[in-house]
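As structure tokens, the structure follows; a few thoughts come after it.
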Amino acid sequence: MKLGLDFYQRNGVSVACDLLGKLLVREIDGQQIIAKIVETEAYIGPEDKGCHAYQNKRTKRTEVMFGRAGCAYVYLIYGIHNCLNIVTASEGKPEAVLIRAVEPIDGLDIVREYREIKSRKIEDLTNGPGKLCQALDIDRRLNGYDLVDGDKLYILDSDERVEVVKGKRINIDYAEEYKDKLWRFYIKGNSFVSR
DNA sequence: TTCGAGATACACT
DNA sequence: GTGTATCTCGAAA
């Protein structure tokens, strides 16, 4: 079952936690890539200094976060890499969940077409935000894409029970007191979780 | 195996 | 012009 709008219309921390173990589906030319979400981070604007929409900063880039829950917020970082986020909470509240890592379940052949890497380890395909976007052919064309109604990119519910670990977020040293918030979630013992 | 630098383009000041 | 929610590679051990 596809996750509905009500799943996303909650506070970002809860959504980030509940997304673990769910299945991210990407459809390209009729072919499906299925990947299990194993690591997420919550970004809660306007209070979170690590969030782009800190203090309700509304710009062309952060505009999507102010919109409806369940949309994708895709954003280019370091000029090279894309990051996939899911907008949460209600309209006007800039909250989002960053998908940091996934575990490929199906469609590995397609993934390899998009990611030509020397490493043969499957872990290297998707164990980071930039990598998983490349693996699933996600870029800014999908910014604002509706995961609730869309069929190219959506998230399936899963019955799988997962053991969730909370931790500090990564690479946001500038966020000061908020960098120590335990807003990073990952599945315990999963080898696709980044370090 | 781990470490450190460089790449890159977009949004924002 | 500046800074960035990262990745990859080569070098050393």
Side-chain angles (χ1 to χ4, degrees), chain A residues 8 11-17 19-20 24 35 37-67 69 71-89 93-104 111-145 147 153 165-187 191-195:
Chain A
Y8 303 104
N11 76 76
V13 177
S14 306
V15 176
C17 190
L19 273 176
L20 293 177
L24 181 66
I37 299 171
V38 300
E39 185 178 0
T40 61
E41 280 181 12
Y43 284 84
I44 310 298
E47 55 172 290
D48 180 5
K49 287 185 183 167
C51 184
H52 290 152
Y54 174 53
Q55 286 183 333
N56 276 321
K57 227 166 72 170
R58 187 167 188 154
T59 64
K60 200 184 283 179
R61 184 173 60 166
T62 61
E63 187 70 31
V64 184
M65 272 199 275
F66 289 86
C71 289
Y73 169 40
V74 182
Y75 143 76
L76 191 67
I77 188 62
Y78 300 125
I80 309 177
H81 305 292
N82 293 294
C83 288
L84 173 63
N85 303 250
I86 317 279
V87 178
T88 68
K93 262 193 198 166
E95 295 190 10
V97 175
L98 168 67
I99 311 294
R100 286 195 59 85
V102 299
E103 174 182 347
V111 169
R112 287 222 173 79
E113 280 180 33
Y114 288 107
R115 270 185 66 69
E116 293 179 14
I117 53 173
K118 301 191 172 164
S119 169
R120 267 193 220 163
K121 287 195 288 190
I122 307 178
E123 284 93 333
D124 286 331
L125 287 173
T126 54
N127 64 346
K131 296 180 191 177
L132 79 88
C133 283
Q134 201 186 339
L136 300 190
D137 191 32
I138 290 168
D139 61 26
R140 291 192 329 288
R141 288 174 317 203
L142 288 172
N143 192 33
Y145 192 84
L147 303 196
L153 182 69
V165 184
K166 296 180 193 174
K168 295 178 185 177
R169 288 178 296 173
I170 296 178
N171 279 321
I172 48 163
D173 293 341
Y174 58 85
E176 297 176 29
E177 68 268 27
Y178 278 93
K179 78 174 189 228
D180 290 329
K181 290 279 177 194
L182 297 178
W183 285 348
R184 173 177 177 237
F185 304 91
Y186 57 96
I187 296 177
S191 60
F192 289 86
V193 174
S194 60
R195 280 181 302 151

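Only heavy atoms go into these numbers, but all of them, side chains included; no hydrogens, no water, no symmetry mates. First the proteins, then the strands, lettered A, B, ... as listed; each starts at 1.
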Give a yes or no on whether A/K93 atom NZ has more than 12 heavy-atom contacts from other residues, nucleotides or ligands under 6.0 Å away.
-> no
A/E177 CD: over 12 foreign heavy atoms closer than 6.0 Å | yes
Which nucleotides of DNA chain B pair, in dot-bracket form (Watson-Crick or G-U under 3.5 Å, | meaning another strand) = |||||||.||||.
Show the numbers, then the answer: is there a side chain to side chain contact (heavy atoms under 4.5 Å, CB included) between A/R184 and A/T40?
-> CA-CA 6 Å; A/R184 173 177 177 237; A/T40 61; over 6 Å; no
For A/L76, answer base if it contacts any base atom (sugar-phosphate contacts may also be present), sugar-phosphate if it contacts only those atoms, and nothing otherwise; contact means non-hydrogen atoms under 4.0 Å.
-> sugar-phosphate
So what does A/R140 hit on the nucleic acid, given a heavy-atom distance under 4.0 Å: a base, only sugar-phosphate, or nothing?
-> sugar-phosphate
Check the distance between C/dT4's P and A/H52's NE2 and give it to me in whole angstrom.
-> 10 Å
What residues form a ring pair (Phe, Tyr, Trp, His ring centres under 6.0 Å) with A/H81, not counting sequence neighbours?
-> none
Phosphate-side-chain proximity, A/Y174 and C/dG3, N/O vs OP1/OP2 below 4.0 Å = no
Each nucleotide of nucleotides 6-13 of chain C classed B (base within 4.0 Å of a protein heavy atom), S (only sugar-phosphate) or -, in 5' to 3' order, makes BSS-----
Side chain to side chain contact (heavy atoms under 4.5 Å, CB included) partners for A/A42, two or more places apart | A/V13, A/A16, A/I44, A/W183
Would you please name every residue forming a side chain to side chain contact (heavy atoms under 4.5 Å, CB included) with A/S14, sequence neighbours left out?
-> A/R10, A/N11
Would you say the side-chain atoms of A/E39 pair up with the backbone N or O of A/S194, donor to acceptor, closer than 3.5 Å?
-> yes
With sequence neighbours left out, what residues match A/Y43 under side-chain hydrogen bond (donor to acceptor under 3.5 Å, both in side chains)?
-> A/E41
